[in-house]
Amino acid sequence: MIERSQHPATVAEYCALRDLTGLGAFSERASTIALDNSLFAVWMRDAGGQLIAMGRIIGDGGCFAQVTDIAVHPDFQGRGLGTGVMQALTDWMEQALPTGCYVSMIADPGAERLYERFGFEPRTGMARTIR
């Protein structure tokens, strides 16, 4: 059985699922800060308690928010877990964020169709990584 969990991911679980799904792991320090500052997060676990899907919303919660860390364990892909994570995030956004809040995300190539179902539209963006 797969269920949405009330138990947040540990830093080790978060990094492991990011790494396993090709998102890349961050340092323990960076991951601790990130998880502590989430606006909202969805964690899904299998019957044995293993973290198998996740997604977070980050930002200031007023003017700007970003959907991030959408990841589904490769052994569990194709079962609708990504859709379930996005639905839970969308439900929270629509209830908790104020009118006019700009919600963004960066989608991996090929994942656009999932996010378009939740109202996201392609935009041009730029990014940089602190080195």
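In what follows, residues are counted from 1 in the order of the sequence shown. Model, not experiment: these values are computed from the prediction.
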Test log, rule side chain to side chain contact (heavy atoms under 4.5 Å, CB included), inputs V72 and T21: CA-CA 7 Å; V72 177; T21 58; 5.8 Å; no
Nearest atoms (heavy-atom pairs only) where G62 meets P98: O-CG, 3.3 Å
Test item: Y115 and I70 side chains (from C-beta on) under 4.5 Å apart, heavy atoms: yes
Where at least one partner belongs to residues 72-94, residue pairs that pass salt bridge (charged side-chain N to carboxylate O under 4.0 Å, His left out), sequence neighbours excluded: none
Summary of side-chain hydrogen bond (donor to acceptor under 3.5 Å, both in side chains) pairs that have at least one residue in residues 56-69, sequence neighbours excluded: Y14-D69, R18-D69, S38-R56, R56-D69
Of all pairs that satisfy side-chain hydrogen bond (donor to acceptor under 3.5 Å, both in side chains), the ones with a partner from residues 23-34, not counting sequence neighbours: none
Minimal non-hydrogen separation, A65 against L97, with atom names: CB-CD1, 4.0 Å
Distance (rounded to the nearest 0.5 Å) between T90 OG1 and F118 CZ: 5.0 Å
Any side-chain heavy-atom pair of N37 and I58 under 4.5 Å: no
Chi angles and distances behind the side chain to side chain contact (heavy atoms under 4.5 Å, CB included) call for Q50, H73: CA-CA 10 Å; Q50 177 186 359; H73 189 291; 3.4 Å; yes
Greater than 12 external heavy atoms within 6.0 Å of I33's CD1: yes
V103 versus M93, closest heavy-atom pair with distance: CG1-SD, 3.4 Å
Partners meeting salt bridge (charged side-chain N to carboxylate O under 4.0 Å, His left out) with E121 (sequence neighbours left out): R123
ILVMFWY network linking L81 to M105, side-chain heavy atoms under 4.5 angstrom: yes
Remaining members of the apolar cluster that contains L20, side-chain heavy atoms under 4.5 Å: none
Closest non-hydrogen atom pair, L89 against G55: CD2-O, 3.9 Å
Joint hydrophobic cluster, M86 plus I52, side-chain heavy atoms closer than 4.5 Å: yes
Student check: side-chain heavy atoms of E13 and R45 closer than 4.5 Å: yes
Common cluster, L51/F76, ILVMFWY with side-chain heavy-atom separation under 4.5 Å: no
V42 and M54: CA distance, side-chain angles, deciding distance, side chain to side chain contact (heavy atoms under 4.5 Å, CB included) verdict: CA-CA 5 Å; V42 174; M54 66 180 179; over 6 Å; no
hydrophobic_cluster_shared for I57 and L23, side chain cutoff 4.5 Å: no
Exercise: identify the closest heavy-atom pair between P109 and E112: CA-OE2, 3.6 Å
Heavy-atom pair with the smallest gap, counting every atom of A9 and L35: O-CD1, 4.0 Å
Selection residues 21-68 - residue pairs positive for ring-ring contact (aromatic ring centres under 6.0 Å, His included), sequence neighbours left out: F40-W92
Euclidean distance, C15 SG relative to L17 CG, rounded to 0.5 Å: 10.5 Å
